[in-house]
Amino acid sequence: MFEEKTINSKYLYNGKVVNLRIDEVETYSKNKATREIVEHNGGVGIVAELNNSILLIKQFRKPFEEVLYEIPAGKLEKK
C-alpha cells in the first residue's frame, strides 16, 4: 500500500451534509498531485433479498436528472 503525504489542505465549502477540500499531496514517487476530497459522516446501504430477487427502490436523483433504481441507503448522523 502506498501512502501520500499531505502538503497543504484548503477548504472550499463547509456545509451541513458535506465539506469540500483540495489537498496538495506528495506521492510515493515524490511527485506533487492534487486531490479533491468530499468529507461526510458516511452512509449505509442495505441489500434486501426476497425469493431470490434483490429489492431496489426507484428514486429521482438530481445530479443525473432522472429516476434511478438503487439499493435502499441513507446517511449517518453525527453523534
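All figures in this text were calculated on a predicted structure; none of them were measured in a lab.
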Legend entry - Cluster link I71 to Y69, ILVMFWY, side chain under 4.5 Å: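 Yes, it is one cluster - the side chains of I71 and Y69 are joined through contacts under 4.5 Å.
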Inset, instruction - List the atom of Q59, the atom of I57, and the distance in Å for their closest heavy-atom pair. - result: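 Here Q59 and I57 meet closest at OE1-CD1, 3.5 Å.
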Inset, instruction - Identify the heavy atoms of T27 and A33 that sit nearest to each other, and give their distance. - result: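 Closest heavy-atom pair between T27 and A33: CG2-CB, 4.1 Å.
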Nearest 0.5 angstrom please: [X] [atom1] to [Y] [atom2], how far?
X   : Y   : atom1 : atom2 : result
L20 : N14 : CG    : CG    : 8.5 Å
T6  : R35 : OG1   : CZ    : 10.0 Å
D23 : E4  : CG    : CD    : 9.5 Å
E39 : Y13 : CD    : OH    : 13.0 Å
N19 : I37 : CG    : CD1   : 12.0 Å

Legend entry - F60, CZ: over 12 other non-hydrogen atoms inside 6.0 angstrom: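 Yes, the 6.0 Å shell around CZ holds more than 12 heavy atoms from other groups.
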Inset, instruction - Take atom CD of E49 as the centre, draw a 6.0 Å sphere, and report whether it contains more than 12 heavy atoms from other residues, nucleotides or ligands. - result: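 More than 12 heavy atoms, drawn from other residues, nucleotides or ligands, come within 6.0 Å of this atom.
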Side-chain heavy-atom pair [X], [Y] within 4.5 angstrom cut-off:
X   : Y   : answer
E70 : L56 : no
I7  : K32 : yes
I54 : V47 : yes
R61 : E66 : no

Legend entry - Derivation of the salt bridge (charged side-chain N to carboxylate O under 4.0 Å, His left out) call for E3 and K5: CA-CA 7 Å; E3 294 187 22; K5 178 182 176 185; over 6 Å; no
Inset, instruction - Quick one: do I22 and E36 satisfy side-chain contact (heavy atoms from CB on, under 4.5 Å)? Show the steps, please. - result: CA-CA 5 Å; I22 299 288; E36 298 172 355; 3.6 Å; yes
Legend entry - Pair N51, S53: side-chain N/O donor-acceptor within cut-off below 3.5 Å: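 Per modelled atom types, N51 and S53 side chains form no pair under 3.5 Å.
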